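Reading through the structure tokens given below for one structure.
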Amino acid sequence: GDLSSVKSFAKRWGYRPCDVLMLNAGVMAIPQRATTEDGFERHLGVNHLGHFALTARLWPALKKAAAGGGAARVVVVSSDGHKKGTIRFDDINLEKPGAYKDC
């Protein structure tokens, strides 16, 4: 996973309207810490930052769909895994020793 693939997809999408954008988490339970090509911890990079980047890049297409009399939607699908975890803002990439053991 890397943000250049998001940019590439959005470019291929072009100027077509987008009625529905469904964001479905992509990775889960990676046994050891890994990073994206951009250097982000893989869960954060793929499941969150990638979704945010895709939404931002397709925002004009969503607005175009809504302006055409339709109703554009962004649907975010997740799991209940958030109940177990926490966001460590002081170590967002989980680089501190032992930070990855509870993921």
Side-chain angles (χ1 to χ4, degrees):
D2 64 87
L3 294 175
S4 68
S5 66
V6 172
K7 183 177 181 179
S8 175
F9 174 80
K11 188 174 181 178
R12 287 191 316 272
W13 185 265
Y15 296 100
R16 294 177 290 160
C18 178
D19 297 306
V20 177
L21 175 60
M22 182 170 283
L23 307 169
N24 186 17
V27 297
M28 186 180 125
I30 300 170
Q32 53 188 339
R33 186 181 182 278
T35 59
T36 65
E37 294 294 319
D38 303 296
F40 300 108
E41 187 277 324
R42 189 166 301 276
H43 289 103
L44 174 69
V46 172
N47 298 354
H48 302 286
L49 300 178
H51 290 174
F52 177 81
L54 182 60
T55 303
R57 291 202 173 265
L58 291 181
W59 196 252
L62 290 156
K63 285 175 61 175
K64 188 173 186 178
R73 303 261 193 286
V74 177
V75 180
V76 181
V77 179
S78 186
S79 71
D80 64 355
H82 69 281
K83 294 176 182 177
K84 179 183 178 208
T86 59
I87 298 175
R88 298 178 182 118
F89 290 104
D90 65 328
D91 187 24
I92 200 76
N93 278 314
L94 302 176
E95 296 173 308
K96 292 180 181 176
Y100 207 77
K101 68 177 176 59
D102 294 327
C103 292

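In this text, all values refer to a predicted model and were calculated from it rather than measured experimentally.
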What heavy-atom pair brings [X] and [Y] nearest, and what distance separates the two atoms?
{"X": "L49", "Y": "L3", "result": "O-CD2, 4.2 Å"}
{"X": "V77", "Y": "M22", "result": "CG2-CG, 4.1 Å"}
{"X": "R42", "Y": "V27", "result": "O-CG2, 3.9 Å"}

For this session: Determine, using the 4.5 Å side-chain heavy-atom cutoff (strictly less than), whether L54 and V46 are members of one ILVMFWY cluster.
Result: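 No, L54 and V46 fall in different hydrophobic clusters.
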For this session: Spell out, yes or no, whether V74 and V20 are grouped together once hydrophobic residues are joined by side-chain heavy atoms under 4.5 Å, including indirect joins.
Result: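 Unlinked, V74 and V20 end up in two clusters.
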Exercise. Counting N and O atoms only, with roles assigned by atom type, does the side chain of D2 sit under 3.5 Å from a partner on the main chain of S4, one being a donor and the other an acceptor?
Worked result: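 At least one qualifying donor-acceptor pair exists.
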Exercise. Quick one: does H51's side chain have a donor or acceptor within less than 3.5 Å of a partner on N47's backbone?
Worked result: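 Yes; judged by distance alone, with no hydrogens or angles, the pair exists.
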Throw together a table of side-chain donor-acceptor distances under 3.5 angstrom for residues 28-35, partners on residues two or more places apart or in other chains.
| residue | atom | partner | partner atom | Å |
| --- | --- | --- | --- | --- |
| R33 | NE | N93 | O | 2.9 |
| R33 | NE | L94 | O | 2.9 |
| R33 | NH2 | N93 | O | 2.8 |

Problem set entry | Spacing of R88 atom CZ and E95 atom CD [to the nearest 0.5 Å] |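 R88 CZ to E95 CD: 13.0 Å, rounded to 0.5 Å.
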Problem set entry | Inter-residue atom distance H48.NE2 - I87.CD1, 0.5 Å rounding |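 Going from the NE2 atom of H48 to the CD1 atom of I87 covers 7.0 Å.
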Acceptor/donor pairs from residues 59-69 side chains to any protein atom, 3.5 angstrom cut, sequence neighbours excluded:
| residue | atom | partner | partner atom | Å |
| --- | --- | --- | --- | --- |
| K64 | NZ | Y15 | O | 2.7 |

For this session: Mind checking salt bridge (Lys or Arg N to Asp or Glu O under 4.0 Å) for K11 and listing every partner two or more places apart, or none if nothing turns up?
Result: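 Salt bridge (Lys or Arg N to Asp or Glu O under 4.0 Å) list for K11, sorted by chain: empty.
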Problem set entry | Those residues that, when tested against D19, pass side-chain hydrogen bond (donor to acceptor under 3.5 Å, both in side chains) (two or more places apart) |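 Partners of D19 under the side-chain hydrogen bond (donor to acceptor under 3.5 Å, both in side chains) test: none.
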For this session: Mind checking side-chain hydrogen bond (donor to acceptor under 3.5 Å, both in side chains) for D90 and listing every partner two or more places apart, or none if nothing turns up?
Result: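 Partners of D90 under the side-chain hydrogen bond (donor to acceptor under 3.5 Å, both in side chains) test: K96.
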Problem set entry | Partners meeting side chain to side chain contact (heavy atoms under 4.5 Å, CB included) with R12 (sequence neighbours left out) |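 Partners of R12 under the side chain to side chain contact (heavy atoms under 4.5 Å, CB included) test: S8, F9.
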